[in-house]
Engineer: 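Submitted below is the structure of interest, expressed as structure tokens.
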Amino acid sequence: MKEYRDVVVKLFARGERPGDIFRRLKSHGVKRDFIYYTIRRYRETGSTKDRVKSGRPRSARTPAAIKVVRERIRRNMNRSIRKTDADLNVSIRTAHNIMTKDLGYKPYKKRKVHGLTEATTKKRLDRSKLILSRHAVQEFVFSDEKLFVLQQPHNAQNDRLWAPTLASIPPSQINIPRFQSAASVMVWGAVSRRGKLPLVFIEKNVKINAAYYKTEVLEKVVAPALRGLYGNDHYVFQQDGAPAHTANIVQAWCRENLTDFLDKTLWPPSSPDLNPLDFYVWSYMLAKQSEHRISPPSPSTKQQNRLTNASGLFFFLSPSLPQDRHVKKNSDGKPVVDSSQDYVLLLGYENQTHTVLRFKRKLDTCDVAYDVPITNDTMRVIYMYHDEEPRGSQYAPGSLPDPAEAFKQARSLFLTQRVNQSPIKLDARMKIMELRNQDVELPSEGYTLHWCKVFKLSDINRKHHLIRYEPVFDSASSVPFLNHIILHECQGSSPDLEILSRDAGRACYKVDREILTCNSIAAAWTRGSEGFSFPAEVGYPMDSNQARFFLMETHYSNPTEELSTVKSKLMVDSSGLKIYYTSSLRSQDAGVLSIGMDPSWRHIIPPGQEHVLSEGHCVGECTRKAFPRDGINVFAVMMKTHQIGRQIKLRQIRYREELMPIAHDKSIDYNYQEYRRLDSPVKVLPGDRLIAECIYDSSKRAAITLGGLTAREETCLVLTLYYPRQKELTTCHSLPSLPTVLHSLGIDTLVPGSNPVRIGLPMELAGMTLETRLISYDWQNNFKSFQLATRKGSFKPLCWSAKNHPLPGTESLEGYPPNITKSYKVPRSCSFLRSPLSGTNPSLGNVSFQNRNRYLTEAESKAADSNKAGRHYPPAADDIELTDDDDDENSIDQDGNNVIEGAARSKVSRSSVTELMGLSGGSKLTGALLLRSQMMVAYLLFIIFLNSFRIAAA
């Protein structure tokens with residue numbers, strides 16, 4: 001790795017962050033720790049050379065000794081370490097270090113393998129080909145016998161007990177009984193794709209000859225069980241070449257009573273690996289049986305029941321399940337088998353309540369026609385159940401049950417990041433507090449409500465850190481009404497805040513503007529979230545000497561008649577937040593910065609458009625005045641639009657260069673919003689510009705959508721969690737200027753003082769009200785000019801402090817789009833290859849997949865990147881691609897995903913409290929889905945289709 005040091009230092013001198021350097025060089029096998037260590041050493045010494053080493057030189061692990069050991073191991077791989085240390089006259093530890101650390105050797109045990117002669121190998125191959133040419137594997141019923149010896153297992157090498165003395169260990173734990181005649185039981189079993197057959201326990205001292213096997217197993221068990229499983233359907237019964245199986249009377253019985261079977265000339269010899277019972281099931285049952293202590297001397301009914309229960313945990317699945325399938329556009333919804341099978345089944349079993357499949361696939365399979373890459377976006381997992389099984393061959397058309405009758409559901413998830421709240425360990429320094437509303441009356445159908453309640457936390461008399469929060473629901477019936485809960489820290493302790501803290505709460509628009517010093521977000525929960533746990537080194541500061549009042553804003557909505565039936569049963573709600581805080585302070589104070597579009601009618605989204613782009617700017621003038629000289633470190637983001645939002649990107653501009661986006665989600669979901677931790681904190685310096693870029697799909701709306709706080713209106717916001725905390729800037733929004741809005745609508749001037757507002761110029765619009773122009777504007781023909789005017793026009797920066805006051809010196813700012821001379825280009829992966837469905841238009845291919853991992857994944861938190869095979873040579877710093885292309889004005893049209901169903905997703909930011917905007921009580925909200933828990937016992941038919949089905953050719 002030494003040859004990469006100069007490259008790392010040169011890139012670092014250019015101003016690149018260590019995380020960016022790692023992404024450039026990781027394909028060459030460079031580790032993240034190596035990059036940080038090289039930069040730290042360069043800062044300390046000003047050089048990339050090795051430090052001068054101290055201590056005495058090596059005397060034992062010399063190159064000569066290492067060479068001798070390597071040569072002796074080459075001649076005899078079975079050589080022990082004791083012989084090696086005796087030959088070299090060194091300690092056994094030195095010999096061990098030479099073999100493991102210097103030579104990189106590991107000790108391996110010899111393995112027992114299945115012995116096959118050349119003739120047996122040929123016969124196995126010939127018979128296997130013959131079987132496959134006659135029968136379908138998914139129709140097989142595999143059978144076998146197994147002798148279970150009921151003795152407690154003992155691993156002489158690894159079984160150890162820790163105790164001060166041998167006498168202190170109970171005899172029942174240290175002693176493993178071995179009996180002269182160990183108890184045993186012979187078990188016969190069979191499995192198939194449709195299920196398992198009952199186990200047959202062979203009585204002791206019974207010899208399994210042809211007559212016994214035919215009467216007790218085939219006639220009493222096999223025949224009735226197969227009739228129940230298959231009815232008149234075809235199956236193939238398999239048995240091995242045991243004498244009882246190949247006897248003439250058994251072969252004749254099978255020929256007369258079974259639909260099909262493998263006769264004694266077909267099953268390959270010496271082939272336990274071809275039978276799933278031998279290959280897996282028996283060993284699984286043996287492991288389950290061995291978990292219990294064995295009592296002498298014969299198998300009891302209880303022990304037989306354990307074997308039966310163990311067999312019930314396994315459900316045999318043929319190699320054809322699960323199948324990689326896709327759905328064609330404008331079809332009947334029936335999944336079609338994919339020509340490229342990219343899923344690998346790891347485990348499958350069924351019990352009385354569940355059918356479980358565990359499988360894996362590559363994040364990007366490069367099947368650009370029919371597979372969606374698994375990225376950091378919000379992914380939609382679609383699943384279908386049916387109570388019937390496929391008919392006949394599963395690959396044949398018409399074999400699947402009617403998908404219109406199947407149970408279908410979808411769930412949004414972050415597949416590359418586990419967001420579940422893990423259990424927290426409570427200690428003496430940890431405290432828990434619940435902040436709950438008091439009997440808030442839920443809104444009636446079609447209405448929304450923003451409810452504000454102030455809490456006084458006077459008992460936190462010294463600094464603590466908030467380290468975790470989670471929602472507390474009054475009841476399951478109230479959950480569908482909740483959109484978000486945001487906890488604001490209030491600055492100061494005015495008498496009005498004292499009065500409000502004694503109140504049960506009130507609608508937010510009724511709160512007086514003068515007391516609104518609550519513009520610093522401490523915690524934010526939105527629909528679908530489980531809450532948030534801060535990283536181990538970060539916490540949100542809480543101290544009643546600094547801020548003793550907190551305002552909790554709760555957004556309720558009731559958009560559908562279905563929720564109205566719930567409301568008739570539950571009229572009030574007392575949900576809220578549970579917060580965990582500790583006096584054991586962490587090294588960093590966290591803060592929340594809101595970035596995006598301010599909720600206002602000036603945020604206009606035209607109807608009937610698949611791709612409408614809006615941008616909210618946090619300008620460099622504001623970050624330069626507020627951020628500390630070393631900048632802030634963003635470690636988590638939460639992104640928010642409402643119902644028609646499709647994508648959100650948080651862009652970062654430094655001088656005239658656009659850096660890698662801090663976050664980007666191309667498939668947001670309004671009903672699933674979570675904080676996402678970044679893989680490493682992103683440095684934002686004073687003077688950097690941050691842009692929240694949102695894309696909307698209004699193709700199903702006939703009227704314009706305006707910015708606002710209700711679910712029917714729209715928003716574009718990103719909450720960023722960062723450290724170290726500063727209070728100068730807590731809200732960094734923007735709003736299109738009035739001239740920009742008028743220009744985008746083809747209006748020159750307004751009539752001063754008119755009410756309602758009327759248009760002055762141009763003459764052809766003179767006298768028309770502004771509202772009429774918004775409603776009657778020809779959006780279809782004027783959309784491109786509208787989009788260009790809103791993106792290139794001026795805007796009003798809104799930079800607010802924690803006290804809800806404008807940042808000094810920013811009151812009269814006027815903002816303009818940045819002049820970017822070096823744009824960021826998305827690294828391409830195989831999914832950028834043109835889909836065969838896309839023709840010559842690259843926008844129809846899957847060009848939106850970004851091959852990067854900005855969010856922290858579970859795998860990244862557990863292990864470093866694996867080493868690449870072969871030698872890698874360091875690239876010169878000048879050879880690493882730095883794109884200098886100008887920003888392509890049309891690039892916004894190249895981000896579309898060809899999916900049957902897209903969803904809107906993200907998170908809320910700017911408080912309705914700080915806006916004092918009246919609620920549009922009469923505005924109707926679009927339909928929401930009320931999910932009900934359902935209990936189903938059914939076969940899993942269609943497994944998982946990720947992030948919406950890929951469109952296939954009709």
Side-chain angles (χ1 to χ4, degrees), residues 27 137-138 193 280 315-328 334-349 354-385 390 394-395 400 408-420 665-667 827-833 835-837 845-863 865-866 868 897-903 939-952:
S27 61
V137 177
Q138 61 265 25
R193 180 179 62 89
Y280 177 75
F315 178 61
F316 175 70
L317 297 168
S318 75
S320 60
L321 286 177
Q323 295 166 349
D324 190 354
R325 292 176 177 249
H326 61 272
V327 171
K328 293 185 177 183
K334 187 168 294 184
V336 180
V337 177
D338 199 335
S339 57
S340 174
Q341 294 291 306
D342 299 309
Y343 288 78
V344 178
L345 179 64
L346 301 177
L347 173 68
Y349 65 86
H354 293 77
T355 298
V356 177
L357 297 179
R358 181 178 296 166
F359 58 91
K360 68 177 181 179
R361 59 153 269 194
K362 292 182 178 179
L363 294 180
D364 188 1
T365 64
C366 298
D367 182 359
V368 297
Y370 302 126
D371 284 350
V372 175
I374 300 175
T375 67
N376 296 314
D377 298 342
T378 305
M379 309 298 291
R380 174 163 291 183
V381 178
I382 303 173
Y383 53 95
M384 304 170 71
Y385 286 92
Q394 298 172 39
Y395 288 90
L400 297 179
K408 295 179 281 290
Q409 270 285 3
R411 181 175 178 181
S412 295
L413 294 170
F414 299 154
L415 290 179
T416 60
Q417 180 176 131
R418 179 172 292 179
V419 296
N420 305 67
D665 191 336
K666 307 179 193 66
S667 185
R828 300 197 167 196
S829 72
C830 59
S831 288
F832 277 87
L833 300 175
S835 164
L837 311 174
N846 180 24
V847 298
S848 66
F849 174 51
Q850 184 172 345
N851 189 15
R852 60 190 289 277
N853 217 356
R854 183 60 105 173
Y855 303 128
L856 181 68
T857 66
E858 184 178 2
E860 287 176 331
S861 65
K862 292 183 178 179
D865 295 274
S866 58
K868 304 289 184 180
N897 249 343
N898 289 331
V899 292
I900 287 177
E901 182 181 357
Y939 291 105
L940 183 61
L941 178 57
F942 311 134
I943 313 305
I944 292 182
F945 302 89
L946 296 167
N947 189 39
S948 310
F949 301 113
R950 172 76 67 196
I951 291 181

Engineer: Can you name the nearest heavy-atom pair linking M379 to I374, along with the distance?
Structural biologist: CE-CA, 3.8 Å
Engineer: Using every non-hydrogen atom in the two residues, find where R193 and Q138 come nearest and quote the distance to one decimal.
Structural biologist: NE-O, 3.3 Å
Engineer: Do you know which two heavy atoms are closest between D342 and D324, and how far apart they sit?
Structural biologist: N-OD2, 3.3 Å
Engineer: Nearest 0.5 Å, please: how far is NE2 in H326 from NZ in K328?
Structural biologist: 5.5 Å
Engineer: Find the distance between CG (D364) and OG1 (T375) and round it off to the nearest 0.5 Å.
Structural biologist: 9.5 Å
Engineer: Take T365 and D367, measure what side-chain hydrogen bond (donor to acceptor under 3.5 Å, both in side chains) needs, and give me the verdict at the end.
Structural biologist: CA-CA 5 Å; T365 64; D367 182 359; 5.2 Å; no
Engineer: Ignoring hydrogens and angles, state whether a donor on the side chain of S340 or D338 is under 3.5 Å from an acceptor on the partner side chain.
Structural biologist: no
Engineer: Without swapping roles, check the side chain of R361 against the backbone of Y343 for a donor-acceptor pair under 3.5 Å.
Structural biologist: no
Engineer: As a test of understanding, state which of D377, V381, T378 forms a side chain to side chain contact (heavy atoms under 4.5 Å, CB included) with S412.
Structural biologist: T378
